[in-house]
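Down below is the structure, laid out as structure tokens.
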Amino acid sequence: MIAVVLAVYAAAGTALLPRLLGWARWRDHAPRLAISLWLAACGSVILAAIFAAIAAAAPSHRIGHGLTGLARAALALLGNRFDPAAIPVRAWFAIGAAGLILAALAQGLGGVLYVTWRERRRHAEMLAVVGRHDHRIGATVLDYGEPMAYCLPGRRPKTVITTAALRSLVPDHVAAVLAHERAHLRGRHHLLLAVAQGLARAFPGLPLFTRAGSEIARLVELRADDVAARRHPRVHIAAAVVSLATGRAPAFALGAGGENALVRVSRMLNPATPLRLREKLIGVAAVAVLLTGPAIIAASPGLMGAVMHHCYTLAFF
Amino acid sequence: MPTLGELESTIMDRLWSYRRPASVRDVLEDLRGDREIAYTTVMTVMDKLHKKGLLKRHPQGKAYIYETVLSKEAYTAGQMRETLARSENQAATLVHFLERLTPEESAALEAALQVFPPRGRS
């Protein structure tokens, strides 16, 4: 029963959660909260699927004791009391399913982390040869004809700006762009992106994970703008976005179109009123519910039992 | 004492500026103009650059004569193109500030920006 509830939740969640989160109008006002919600939604569905598999595998009388029972059942499955003959066929399927989910997760995340690490090292090698550090702006300058600014995360992170960008931006705008890039580095946005992409790669074709990947990539830009806007006039950030996004040679067929540039500019020019405390608390509560919900459902028979037990003791006094 | 990475960059810059092949001795004499440096150090770094595919070489007498494989511009452009082509699916490699606007969009935005006074400084 519990297994069915969790499995239905996981299946429905992959289809419905992205729509629910896509509807949220405030998401561009509070990008950090929106990122947390997307990641929590992904975590929630994965946890529910794994719990569902474990609940289906464990003997039903053990599940009755809730999470401790679940953990004990899982240990019994893995531990020295392991007896393949005693496990019903149904349970083998469930264990296989949980194993597949974990394997896909490991493969997706591991693959992304490895590829990124290799690419970053290559790029850092190139920067070591052709880049030069400019102490005045505190960034690596790359002699290159395309106006660009980016950051290279890693053990020795680098903020990079091309000579073409330096030519097309006035110093104030350069400072704003570099603040945006440093916000990416300080916020560890590359890790968020790696997780989002790893999930999308682990579970291809599931709307929740593909949407989470593209949304998080978009939201980190908004977040970095907000951080940069603490120290720099918002209009400078907007102007820099426009001039870096204009006249880009089509040599790089980047998937993202101009929509995000438009959103970013209008956000910078017309700052929205920040979320009220109540709205923030609702958001944080939603993250908590998403992450703990599956565990609570998995443990619910045990909780019910505990409540009943306490009711009895209370009734005695 | 400069790091090896810095030396790689300096030596590549020298070789790019010569626009002709050069031996380790040539580079060494050029570098000695502004720093104290050993022949073996320069030789090691140039050998490393050869292994990395940045320099090609052919023997001349007892030593090698080195030459850059690509011009500086071509090398940078090639590397950037490669990185950017990959980062289309791999935004985590470098988090970049790449947005694209059509000429109409950017004209509209430029107009919008004009409305906002640049607050004295810009």
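Reminder, nothing fancy here: chain letters follow the sequence lines and each chain counts from 1. These numbers come from the heavy atoms of this one structure, side chains and all, not from hydrogens, waters or symmetry mates.
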Give the table of side-chain donor-acceptor pairs shorter than 3.5 Å for residues 58-75 of chain B, with sequence neighbours excluded, one pair per line with atom names and distance.
{"from": "B:Tyr66", "atom 1": "OH", "to": "B:Arg57", "atom 2": "NH1", "distance (Å)": "3.1"}
{"from": "B:Ser71", "atom 1": "OG", "to": "B:Ala74", "atom 2": "N", "distance (Å)": "3.1"}
{"from": "B:Lys72", "atom 1": "NZ", "to": "B:Asp13", "atom 2": "OD1", "distance (Å)": "3.3"}

> How about A:Met126 and B:Met80: do any of their side-chain heavy atoms sit closer than 4.5 Å?
Replying inline: yes
> In terms of heavy-atom proximity below 4.5 Å to chain A, should B:Ile11 be classed as side chain, backbone, both, or neither?
Replying inline: neither
Contacts under 3.5 angstrom, residues 127-134 of chain A side chains, donor-acceptor by atom type, not counting sequence neighbours:
{"from": "A:Asp134", "atom 1": "OD1", "to": "A:Arg136", "atom 2": "N", "distance (Å)": "2.8"}
{"from": "A:Asp134", "atom 1": "OD2", "to": "A:Arg136", "atom 2": "NH2", "distance (Å)": "3.4"}

> Quick check: are there more than 12 heavy atoms from other residues, nucleotides or ligands sitting under 6.0 Å from CZ of A:Arg188?
Replying inline: no
> Side-chain contact, heavy-atom cut-off 4.5 Å: A:His123 with B:Gln79?
Replying inline: no
> What heavy-atom pair brings B:Thr76 and A:Leu142 nearest, and what distance separates the two atoms?
Replying inline: CG2-CD1, 3.9 Å
